[in-house]
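No experiment lies behind these values; they were computed from the predicted model shown. Side-chain atoms are counted along with the backbone in the values below, which use heavy atoms only and exclude waters and symmetry mates.
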Amino acid sequence: MKRIEEIRLEKGIVQEDIVERTGFTQKQVWLMLTGKNNFAISHLEAIASALEVHPKELLDFNFEIPKHPPLRKDRRAK
């Protein structure tokens with residue numbers, strides 16, 4: 001995840017520090033940090049703790065929310 005990597009580099013934390021602080025393997029950390037693996041909220045919490053930030057700081061996604069057609073119930077009401 002890009003935001004995790006940004007914070008890690010800003011703080012000068014290396015992947016090995018995250019391994020030590022979380023108990024995850026080096027491969028697990030690498031997969032998470034490169035976005036090659038989905039992970040649980042508990043893992044996100046552990047990574048945030050290792051980086052000494054609140055988990056919400058890691059969830060700074062930048063994307064457009066699509067505009068969907070009205071819900072079925074709203075279309076039937078007309």
Side-chain angles (χ1 to χ4, degrees):
M1 295 178 60
K2 184 179 177 185
R3 185 68 185 132
I4 293 173
E5 192 67 3
E6 289 172 356
I7 293 170
R8 183 182 73 77
L9 294 173
E10 286 172 12
K11 292 182 169 255
I13 296 172
V14 296
Q15 287 186 16
E16 289 79 7
D17 292 327
I18 296 173
V19 168
E20 290 175 4
R21 292 177 177 191
T22 61
F24 300 147
T25 66
Q26 179 69 37
K27 184 172 182 177
Q28 286 175 308
V29 170
W30 180 81
L31 289 170
M32 286 187 262
L33 296 183
T34 58
K36 297 187 185 301
N37 191 20
N38 292 326
F39 51 95
I41 296 296
S42 59
H43 293 158
L44 183 72
E45 183 180 9
I47 296 287
S49 177
L51 295 174
E52 300 173 338
V53 297
H54 194 280
K56 69 181 178 182
E57 290 187 49
L58 305 179
L59 300 174
D60 185 18
F61 298 116
N62 186 13
F63 64 93
E64 289 186 33
I65 298 173
K67 180 71 174 152
H68 294 287
L71 298 173
R72 290 180 182 270
K73 65 178 179 132
D74 295 333
R75 290 189 304 237
R76 278 187 262 160
K78 291 182 181 179

Peer 1: To the nearest 0.5 Å, what is the distance between CG (L31) and CD (Q26)?
Peer 2: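 Those atoms lie 10.0 Å apart.
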Peer 1: To the nearest 0.5 Å, what is the distance between CZ on R8 and CZ on R3?
Peer 2: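 Nearest 0.5 Å value for the CZ-CZ distance: 13.5 Å.
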Peer 1: So does L71 have more than 12 non-hydrogen atoms from other groups sitting under 6.0 Å from CG?
Peer 2: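 Atom CG in L71 is packed in, count exceeds 12.
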Peer 1: Are the side chain of R75 and the backbone N or O of P70 linked by a donor-acceptor pair below 3.5 Å?
Peer 2: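 Yes, because the side chain of R75 sits within donor-acceptor range (under 3.5 Å) of the backbone of P70.
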Peer 1: Say whether F24 and V19 are linked into one hydrophobic cluster, either directly or through other cluster members, by side-chain heavy-atom distances under 4.5 angstrom.
Peer 2: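 As far as the 4.5 Å side-chain criterion goes, V19 and F24 are connected within one cluster.
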Peer 1: What's the spacing between Q15 CD and K27 NZ if we round to 0.5 Å?
Peer 2: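 Result: 13.5 Å between the selected atoms.
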Peer 1: Taking all atoms of both residues into account, what is the closest heavy-atom pair of T22 and A50, and its distance?
Peer 2: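 Between these two residues, the closest heavy atoms are CG2-CB, 3.8 Å.
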Peer 1: Please find the pair of heavy atoms, one from E45 and one from P55, that lie closest to each other, and give the distance.
Peer 2: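 Where E45 meets P55 most closely, the heavy atoms are CA-CG, 4.4 Å.
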Peer 1: Starting from L59, can I reach F39 by hopping between I/L/V/M/F/W/Y residues whose side chains sit under 4.5 Å apart?
Peer 2: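 As far as the 4.5 Å side-chain criterion goes, L59 and F39 are connected within one cluster.
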Peer 1: Quick check for you: to the nearest 0.5 Å, what is the distance between R21 atom CZ and L51 atom CG?
Peer 2: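 Going from CZ on R21 over to CG on L51, the span is 8.0 Å.
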Peer 1: Do you know the tightest heavy-atom contact between E52 and K11?
Peer 2: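 Minimum heavy-atom contact is O-NZ, 3.6 Å.
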Peer 1: To the closest 0.5 Å, what do you measure between CD (E16) and CD (E20)?
Peer 2: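 Here the interatomic distance stands at 8.0 Å.
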Peer 1: I18 and L33: which non-hydrogen atoms are nearest, and at how many Å?
Peer 2: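 Scanning both residues completely, I find the closest heavy atoms to be CD1-CD1, 4.1 Å.
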Peer 1: Same cluster or not: V53 versus I47, using hydrophobic residues (I, L, V, M, F, W, Y) connected whenever any side-chain heavy atoms lie under 4.5 Å apart?
Peer 2: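 Yes; tracing contacts between hydrophobic side chains, which count when under 4.5 Å, links both residues.
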Peer 1: Which atom names give the shortest non-hydrogen contact between A48 and H54, and what distance separates them?
Peer 2: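 For A48 and H54, the tightest heavy-atom pair comes out as CB-C, 4.1 Å.
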Peer 1: Please report the shortest heavy-atom distance between T25 and Q28, naming the atom on each side.
Peer 2: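 Closest pair (atom of T25, atom of Q28, distance): N-OE1, 2.7 Å.
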Peer 1: How long is the straight-line distance from CD1 of I7 back to CD1 of I13, given to the nearest 0.5 Å?
Peer 2: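 Between I13 CD1 and I7 CD1, I get 9.0 Å after rounding to 0.5 Å.
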